[in-house]
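Owing to the predicted nature of the structure, the values given are computational and were not obtained by experimental measurement.
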Amino acid sequence: MSTITVLGLVLLLLMALVGGKAGIQSFLALILNFGLLFLAMVLVAFQFPALTVTLVVGLLVLALTIFMSSGDDLSSTVAFIASAIVLVGLILVIVPVEHWAMAQGFGPEDSEDLEGLSVLVGVSFTQVAIATAILSTLGAIAEAAMAIAAGLGEILEQHPQVDTKSLLRDGIDVGKQIIGTTFNTLFFGFFGGFLALFIWFTGVHYSFGEILNDKVFVAEILMILFAMVSVILTVPITTWVMARAVAGQRRHQAAVMTKKDDRK
């Protein structure tokens, strides 16, 4: 039995013990998301439009992640709608920025690994960079949207008559609390993943300017910034969608009560 298999089984056991049925569903969603990402890579490799494939797969990943990890229909629906809005808006930012940055492809640090290999794979590296940047933000978007929607759902459960303005204010307050921790998670994830690269920069005596202009470094920094922007956008958008959903529910309930009174 390989190390990865053992760790996977340990993860499944812990998720089942801590999360119960929801934990098992989340583990299943993780496996399905891996399959979707692998499918996206295959489709892009076979010359399917990278942006279209990424958008469709991204929406499917968000749906699986959100709906299979929550039992609250209102919170899940609100989180998915908000995530989809943020995803589409983020694409409008990522596409031009990736074209302007010109950080796609390989840097000089990859020359040794690519020696003897051809990079003429028939796929636009700009499109690959755009797809990678979009997919890398999905986790942050889903996490932030679900956290805010679940928090507002709990507030509604405890205070069913809370007004829309108070709900909007509460959503922003919840968002402020998760933004800081999410940013730290993204930053330390980036730093830990690229620690070897930083050591390499130090060993070859790169100047600060050379580091800032290094293609590999810039590409990763862009993905981190995209993820941070997505979290910031998710906070007000999720709060607004939840407020609209609650207002719509209350109007529907009021209309139903009015019809019942008229019949009497």
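In this structure, Asp173 CG and Ile155 CD1 are separated by 8.5 Å, a value rounded to the nearest 0.5 Å. Taking CD1 from Ile232 and CD1 from Ile237, the interatomic distance works out to 11.5 Å, rounded to the nearest 0.5 Å. Distance check: Met228 CE to Leu233 CG gives 13.5 Å after rounding to the nearest 0.5 Å. Taking CG of Leu30 as the start and CG of Leu12 as the end, the distance is 10.5 Å to the nearest 0.5 Å. Atom CD1 in Ile85 sits 7.0 Å away from atom CD1 in Ile81 (nearest 0.5 Å). For the atom pair CG of Leu32 and CG of Leu39, the computed distance is 12.0 Å after rounding to the nearest 0.5 Å.
Looking at Ile66 and Ser83, their side chains come closer than 4.5 Å, going by heavy atoms from C-beta outward. Between Thr77 and Phe67, the closest side-chain pair of non-hydrogen atoms falls below 4.5 Å. Looking only at side-chain heavy atoms (C-beta outward), Leu167 and Met242 come within less than 4.5 Å of each other. Ile221 has its side chain out of reach of Val218: every pair of non-hydrogen atoms, C-beta onward, lies at least 4.5 Å apart. With contacts defined as side-chain heavy-atom distances shorter than 4.5 Å, the pair Glu143/Thr65 does not qualify. Side-chain contact between Ile94 and Leu222 is absent, with no heavy atoms from C-beta onward closer than 4.5 Å. Looking only at side-chain heavy atoms (C-beta outward), Leu14 and Leu11 stay at 4.5 Å or farther from each other. Proximity of Ile148 to Thr239: side-chain heavy atoms (C-beta onward) are separated by under 4.5 Å at one or more points.
Closest of all the heavy-atom pairs between Leu62 and Ala84 is CD1-N, 4.3 Å. Closest non-hydrogen pair, Thr137 versus Ala133, comes out as CG2-O, 3.2 Å. In this structure, Pro236 and Ile172 approach most closely via the heavy-atom pair CA-CD1, 4.1 Å. Taking every heavy atom of both residues into account, Met146 and Ser76 meet most closely at CE-N, 4.2 Å. Shortest non-hydrogen contact noted between Gly58 and Leu87 is C-CD2, 4.1 Å. Ala149 and Ala79 make their closest contact through CB-CB, 4.1 Å (heavy atoms, listed as atom of the first residue, atom of the second, distance).
Cluster annotation: Leu36 and Val42 are assigned to the same hydrophobic cluster (Ile/Leu/Val/Met/Phe/Trp/Tyr, side-chain heavy-atom contacts under 4.5 Å, transitive). Under a hydrophobic-cluster definition in which Ile, Leu, Val, Met, Phe, Trp and Tyr are linked whenever side-chain heavy atoms come within less than 4.5 Å, directly or via other members, Phe34 and Met41 are assigned to different clusters. Cluster annotation: Ile179 and Leu168 are assigned to distinct hydrophobic clusters (Ile/Leu/Val/Met/Phe/Trp/Tyr, side-chain heavy-atom contacts under 4.5 Å, transitive). Both Leu225 and Ile178 belong to a common hydrophobic cluster when Ile, Leu, Val, Met, Phe, Trp and Tyr are linked at side-chain heavy-atom distances under 4.5 angstrom. Linking ILVMFWY residues whenever their side-chain heavy atoms come closer than 4.5 Å, directly or via other members, places Val56 and Phe48 in the same cluster.
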| task | Take Leu37 and Leu135 through the test side-chain contact (heavy atoms from CB on, under 4.5 Å) and record every step on the way to the result. | result | CA-CA 9 Å; Leu37 294 176; Leu135 293 174; 3.9 Å; yes
| request: Take Ile91 and Leu51 through the test side-chain contact (heavy atoms from CB on, under 4.5 Å) and record every step on the way to the result. | output: CA-CA 9 Å; Ile91 289 175; Leu51 190 58; 4.0 Å; yes
| Taking it one step at a time, do Ile134 and Phe226 satisfy side-chain contact (heavy atoms from CB on, under 4.5 Å)? | CA-CA 8 Å; Ile134 294 171; Phe226 291 143; over 6 Å; no
| said: If you apply the rule side-chain contact (heavy atoms from CB on, under 4.5 Å), what do you find for Thr54 with Ile130, and how did you get there? | reply: CA-CA 9 Å; Thr54 304; Ile130 291 172; over 6 Å; no
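Within 6.0 Å of atom CD1 in Ile4, 12 or fewer heavy atoms from other residues, nucleotides or ligands are found, so the atom counts as exposed in its surroundings.
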